[in-house]
K.L.:
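I have a structure here, written as structure tokens, and I will follow up with some questions on it.
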Amino acid sequence: MPTRFYNTLHHRLEDFIPLHPGPDAANPILGSQIGIYSCGPTVYDYAHIGNFRAFLFSDVLRRYLELRGAQVTHVMNMTDVGHMTDDQLADGAGRDKLEVAVEKMKENKKDGKALIENPNDPFAVADFFARAFLQDARLLGLGVVADYDLATTHESKERIIPRPTRHIPEFIEMIQTLMARGHAYKGDDGVVYYDIHSFPAYGKLSGNSLEQLSHGAGGRTNEQAAKKHPADFFLWKPDAHHIMRWPSPWGEGYPGWHIECSVMSIRALGQSFDLHTGGEDNIHPHHECEIAQSEGATGKPFVKYWMHTRHLMVNGEKMSKSRGNFFTIRDLTTMGFDPVVIRWGLISTRYREPMNFTVQSLHEAAAAITTLRDLADKLITAVAAVDEAAGDGDFAVPDGLSEAVHDPVLEPADQRMLAEFNLAMDDDLNVSGALAALFTWANPLHKHKKLAYPQARSALQSLKKVDHVLGVVFVDLQALPQDKQRHVEDLMQKRDAARQHKDFAASDMIRRQLLSLGVEVKDTPAGTTWRPRLAPEKLSQ
RNA sequence: GGCCGGAUGCCCGAGUGGACUAAGGGAGCGGAUUGCAAAUCCGCGAUUCGUGGGUUCGAAUCCCACUCCGGCCUCCA
């Protein structure tokens with residue numbers, strides 16, 4: 001059964017065969033080199049869970065290909081050039097989003113909530129939200145950010161998470177190439193436009209024809225004398241007053257919305273690469289324009305497989321700022337959800353299904369993860385005892401993301417689970433199906449009070465493999481703050497004392513108190529332990 | 001208007017012609033265990049897959065119509 005992905009370019013499921021496959025034709029992913037470019041965040045504000053659904057999808061894709069033995073180069077841009085907010089005009093006559101962000105920052109400063117020193121500086125504002133994004137992404141375990149953190153030089157970091165403001169001269173270079181090759185022209189208004197008539201495949205990705213686009217039944221393409229076709233999009237706009245501007249052969253101004261991804265992806269991955277991901281809203285126009293630019297400039301096929309995530313809904317409604325029904329990562333962690341819970345909540349539905357996000361779904365995620373983590377603890381304990389006796393302690397430490405996945409001989413049940421997990425993932429990343437395989441496998445393991453060593457070791461290894469993709473079991477949870485931790489330990493002592501005196505009323509009261517602090521208490525014959533909960537106490541309805 | 005998805009138990013969500021008496025998770029209920037909990041274990045729950053027709057020996061799965069929900073059609077992940 002080959003690995004199949006839905007390729008937006010051809011509107012169908014296709015066998016995934018890397019451009020640089022491994023030596024085994026029957027399993028071309030093993031030993032292959034794969035390049036993935038993911039459209040990342042814009043840094044004018046905190047990213048919300050809808051954004052992160054898309055980023056996490058690309059992370060699951062990347063991790064799954066790694067599990068299957070590919071060497072993946074994953075690149076994700078962080079857009080720090082402001083784009084327009086006004087959707088009536090395609091040519092940048094609206095307000096710049098960074099300008100809006102700057103205004104907000106200034107408001108905050110007036111209110112005494114200064115987040116940065118100089119809110120007038122759009123670069124500083126972008127930096128601020130870029131840092132916030134990286135923090136959130138680390139919490140959620142994005143592999144691309146782990147790569148970024150591991151990279152030691154500015155240049156290598158810039159390949160992994162490039163920022164457009166650092167590559168403007170390269171944009172200009174590509175625009176010049178496009179002009180030289182007859183794909184771009186300078187209009188009477190001085191703006192440089194892409195000539196979509198010069199690129200017959202324009203519209204292929206979204207299933208639009210030029211005919212439909214020119215009619216603009218949605219009413220949003222703008223007729224403009226300077227453009228040859230209403231759907232021609234701008235590559236460079238001279239504007240001496242724009243909030244962010246750079247010198248160019250066409251005057252001081254700023255680049256178009258799409259050029260950054262063409263330039264930066266080619267820069268990091270070459271003129272042709274395997275996979276390009278993004279949210280469904282990117283299909284048109286962003287990715288359409290990227291293809292036109294990239295292939296127009298290089299004359300080579302740009303991306304082999306395009307994959308797009310469906311949008312996230314919240315409580316059955318489209319997420320939007322006006323409704324106020326969106327969450328940021330920090331909103332949810334403040335509520336008391338551990339990041340692994342958020343990760344699970346956002347990856348456990350297949351990327352191509354529309355997904356409805358609810359707080360309830362996070363509680364469910366917490367329960368599911370707890371089951372797996374308990375199993376992992378049990379396996380580690382069973383394995384550690386023997387390994388320690390044998391002087392072999394290599395199982396205490398979880399595998400790092402980039403560490404190769406070993407292949408010892410696994411028990412048949414474990415092999416079966418991995419095969420079923422892979423089968424589901426091979427079917428266009430069917431995570432729900434893969435999780436079903438995992439839980440079906442995990443169930444009988446709970447029954448054994450004590451597992452025999454070889455079984456435990458094999459099971460542990462298998463769980464680590466799937467967790468390379470899931471990233472929720474062998475990762476550290478958020479630690480309690482020091483003062484809270486002391487408070488908890490204090491309460492635990494009091495409770496122990498109460499229990500020794502058989503004062504169960506007091507003991508139960510303290511347990512409730514601990515619960516509201518986000519701590520779960522467990523009484524066992526061996527003693528009483530506590531641990532932080534993955535989710536806050538459920539509010540009674 | 002054009003294009004594209006979706007509707008499965010209380011909730012989330014697999015399954016896309018016969019092994020479906022419909023996976024898995026969550027919540028619930030009864031029992032074991034526990035001072036009480038938690039965890040774990042045992043047991044219970046869709047004769048049915050939005051509605052109506054059709055094709056077929058056989059349909060959640062294919063076809064047609066309808067209803068509802070959502071997305072894109074130059075802000076957006």
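In what follows, chains carry the letters A, B, and so on, assigned in the order in which the sequence lines appear, proteins first and then strands, with residues in each chain numbered from 1. Keep in mind it's a predicted model, so treat the numbers as computed, not measured.
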K.L.:
Go through the steps to decide whether A:K522 and A:E520 satisfy the test salt bridge (charged side-chain N to carboxylate O under 4.0 Å, His left out), and finish with yes or no.
P.N.:
CA-CA 7 Å; A:K522 190 152 59 163; A:E520 186 174 278; over 6 Å; no

K.L.:
When all nucleic acid strands are considered with a 4.0 Å heavy-atom cut-off, which category describes A:S361: base, sugar-phosphate, or nothing?
P.N.:
nothing

K.L.:
Any side-chain heavy-atom pair from A:V75 and A:P162 closer than 4.5 angstrom?
P.N.:
yes

K.L.:
Give one of base, sugar-phosphate or nothing for A:R495, where a contact means two heavy atoms less than 4.0 Å apart.
P.N.:
base

K.L.:
Is it the case that B:C76 (base atoms only) and A:N282 (side chain only) share a donor and an acceptor within less than 3.5 Å, ignoring hydrogens and angles?
P.N.:
no

K.L.:
Go nucleotide by nucleotide along RNA chain B from the 5' end; which of A:R352 and A:A368 gets its closest nucleotide reached first?
P.N.:
A:R352

K.L.:
Between the base of B:G25 and the side chain of A:E364, is there any donor-acceptor pair under 3.5 Å?
P.N.:
yes

K.L.:
Round to the nearest Å and state the distance from A:L140 atom CG to B:A77 atom P.
P.N.:
16 Å

K.L.:
Do NZ/NE/NH1/NH2 and the carboxylate oxygens of A:K237 and A:D189 come within less than 4.0 Å?
P.N.:
no

K.L.:
With respect to the side chain of A:R310, which nucleotide from B:C4, B:G25, B:C72 is positioned closest?
P.N.:
B:C4

K.L.:
One thing to verify: whether A:D427 and A:R350 come together as a salt bridge, which I'm taking to mean a side-chain N less than 4.0 angstrom from a carboxylate O.
P.N.:
yes

K.L.:
With pairs taken as Watson-Crick or G-U wobble and both distances under 3.5 angstrom, which stems of at least three consecutive pairs involve RNA chain B?
P.N.:
B:1-7 with B:67-73, B:10-12 with B:24-26, B:28-32 with B:40-44, B:50-54 with B:62-66

K.L.:
Could you tell me whether the phosphate oxygens of B:A23, OP1 or OP2, come under 4.0 Å of any side-chain nitrogen or oxygen in A:N430?
P.N.:
no

K.L.:
Apply the test salt bridge (charged side-chain N to carboxylate O under 4.0 Å, His left out) to residues A:R63 and A:D59: give CA-CA distance (whole Å), side-chain angles for both, the deciding distance (0.1 Å), then the verdict.
P.N.:
CA-CA 6 Å; A:R63 285 165 174 251; A:D59 190 57; 2.7 Å; yes

K.L.:
Between A:D374 and A:N51, just flag the one whose closest nucleotide in RNA chain B comes earlier from the 5' side.
P.N.:
A:D374

K.L.:
Between A:R62 and A:D147 (salt bridge meaning N to carboxylate O under 4.0 Å), is one present in this structure?
P.N.:
yes

K.L.:
Would you tell me if any nitrogen or oxygen in the side chain of A:R12 comes within less than 4.0 Å of OP1 or OP2 on B:C4?
P.N.:
no

K.L.:
Does A:T524 put a side-chain nitrogen or oxygen below 4.0 Å from OP1 or OP2 of B:A38?
P.N.:
no

K.L.:
Base, sugar-phosphate alone, or nothing: which one does A:D427 contact when heavy atoms must sit under 4.0 Å apart?
P.N.:
sugar-phosphate

K.L.:
Tell me which nucleotide among B:C76, B:A14, B:G5 gets nearest to the side chain of A:P354.
P.N.:
B:G5

K.L.:
Hey, are A:D428 and A:R4 close enough for a salt bridge, meaning a charged N less than 4.0 Å from a carboxylate O?
P.N.:
no

K.L.:
Heavy atoms only, 4.0 Å cut-off, all strands: where does A:G278 land among base, sugar-phosphate and nothing?
P.N.:
sugar-phosphate

K.L.:
Please list residues of residues 496-513 of chain A whose heavy atoms come under 4.0 Å from any atom in RNA chain B, ordered by number; otherwise none.
P.N.:
A:R499, A:F504, A:S507, A:D508, A:R511

